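Heads up: the structure comes next, in structure tokens.
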Amino acid sequence: MSQTSAQDKTEKATPKRERDARRDGQVARSRELTTAVLVAGGAVVLLSLGGQMTAEAVQLLRDSFEFDAADLARAQDMPRTFAQLLQAGLLVAAPILALGFIGALVAPLLLGGWNFSAKSMAPKFSRLDPIAGLGRIFSARALVDLGLGLLKILVLGGIGAAVLWSHRGELPSLAAMDVRNSIRGSGAVIFGLLGWLSLGLAVIAALDVPWQLFRHHKELRMTRQEVRDEFKQAEGRPEVKAKIRQAQQAIAQRRMMEAIPGADVVITNPTHYAVALKYAAGRMRAPRVVAKGAGLIATVIRERAREHQVPIVSAPPLARALYRSVELDQEIPAVLFQAVAQVLSYVFQLRRWTGGASAPPRPPEVGEVPGGEPDPDADADDADDGADPGAGPAR
């Protein structure tokens, strides 16, 4: 039996899930809100333009029934006359038509916003399944929709009946009035009816909008497994990320090893840390770290330095500070300038001595530097501050 059910979907939808649902055309919508906006807009139009529309409607009726008898003998003129009357009728109804167009654009902005999805317009043959259709008909959602429909009928029907009952004495007399007064009287009744219907629809929309939002968010809920799977897809599976990190580390190590032959000096701990520095006067503002490592990588750096006759200098505090505070291909900070300058001065003197140009230099005595404090776990070998076995003149 499947463990995934509606009860299992207890997690709030992720932003990606919401974006995918919106792309598929699944957004919160309330037909009651749209209807309330259109009816309220119609009441406003009648209130502001009702007099003008009434006059235009009276004139249209007069033009429709007043014509020259000779026009009956010219059948070819009838389409033109009909077109003129149709155009005049559209002009009379233009405010109402414009209201419907604007309402259709504004109503979605109030709930869900505009959304165009080609996928939602594609035919879904699964909807033709009679069994699934029966399930939708007798579902809890259908029962709630039925209840809302009955409530709407009761509320709007009651409002309409109350308004008409309040005008029961006026309605029979409208038939005995002339056309102009009859239209005006009917317009007043219709306006009052629309006003009360707008109020009733606003109440229904106020109930329907929270329900639609709740139902929409409930449909988008996810199981914990779906959330985890989505996170894995977004962030990458752990095993894949681990392989990527391994590949990146391998590339970085190869780049470090290729840079060691061109380094000026390798500063060691003497055994746990190793940091290779490069300085080109006039081209660099400060010495730069071209390789660094701890443990086995530090051993490899020292061995490669010996192979290429790169001087190795033991300066535990400085090695620790460089390893901890400077990344690869970055220049050393100003607080380490003095200590590094002592080491580089020793290296340059060492080069002159190997060429027979001066007396053998004394190894530098680098004191404590910021960030060079010992780490009891990683620096157990710091008690030996003597020279690295490989330190000394390049061979």
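Quick caveat, the model's predicted, so the values are computed rather than measured.
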**OP:** State plainly whether one hydrophobic cluster holds both V289 and F337, where clusters connect Ile, Leu, Val, Met, Phe, Trp and Tyr through side-chain heavy atoms under 4.5 angstrom apart.
**Re:** yes

Residues pairing under side-chain hydrogen bond (donor to acceptor under 3.5 Å, both in side chains) where one sits in residues 150-160, two or more places apart or in two chains, turn out to be E32-K152

Determine yes or no for a side-chain-to-main-chain donor-acceptor pair under 3.5 angstrom, with K292 supplying the side chain and A276 the backbone.
no

Query raised in the report: Is V163 reachable from V203 through a run of hydrophobic residues whose side-chain heavy atoms are each under 4.5 Å from the next?
Result: no

Across all chains, not counting sequence neighbours, the side-chain hydrogen bond (donor to acceptor under 3.5 Å, both in side chains) partners of Q330 are none

Distance col, row D208:CG vs L201:CG, nearest 0.5 angstrom, shows 11.0 Å

| query | Does M257 belong to the same Ile/Leu/Val/Met/Phe/Trp/Tyr cluster as V265, with side-chain heavy atoms less than 4.5 Å apart forming each link? | reply | yes

Of all heavy-atom pairs linking T268 and S314, the shortest is OG1-CA, 3.5 Å

### Query
Does a sphere of radius 6.0 Å around CD in Q338 hold more than 12 heavy atoms from other residues, nucleotides or ligands, not counting ones at 6.0 Å or beyond?
no

By side-chain hydrogen bond (donor to acceptor under 3.5 Å, both in side chains), R224 pairs with (sequence neighbours left out) E11

**Prompt:** E226 side chain to T223 main-chain N or O, any donor-acceptor pair under 3.5 Å?
**Reply:** yes

Between A298 and H272 the two heavy atoms that sit nearest each other are CB-O, 3.4 Å

Exercise. Is V37 linked to L213 within one hydrophobic cluster, defined over Ile, Leu, Val, Met, Phe, Trp and Tyr using a side-chain heavy-atom separation of less than 4.5 Å?
Worked result: yes

Report task. Identify whether the distance between the nearest side-chain nitrogen and carboxylate oxygen of D264 and R351 falls below 4.0 Å. Result -> yes

When rounded to the nearest 0.5 Å, the distance separating CD of E327 from CZ of R324 is 13.5 Å

Applying side-chain hydrogen bond (donor to acceptor under 3.5 Å, both in side chains) to R215 and not counting sequence neighbours gives D145, Q212

**Message:** For residues W196 and L38: do they belong to one hydrophobic cluster (side chain heavy atoms under 4.5 Å, members Ile, Leu, Val, Met, Phe, Trp, Tyr)?
**Reply:** no

Residue set satisfying side chain to side chain contact (heavy atoms under 4.5 Å, CB included) with A40, at least two apart, ordered chain then number -> S198

CG of L146 to CG of L151, rounded to nearest 0.5 Å, is 11.0 Å

**OP:** Verify side-chain contact (heavy atoms from CB on, under 4.5 Å) between M222 and R17, making sure each step is shown before the conclusion.
**Re:** CA-CA 9 Å; M222 306 170 67; R17 167 68 169 148; 3.7 Å; yes

The side-chain hydrogen bond (donor to acceptor under 3.5 Å, both in side chains) partners of S345 (sequence neighbours excluded) come to Q349

With side-chain hydrogen bond (donor to acceptor under 3.5 Å, both in side chains) as the test, would you mind laying out the steps for R31 and T34 before giving the verdict? CA-CA 5 Å; R31 289 176 293 181; T34 302; over 6 Å; no

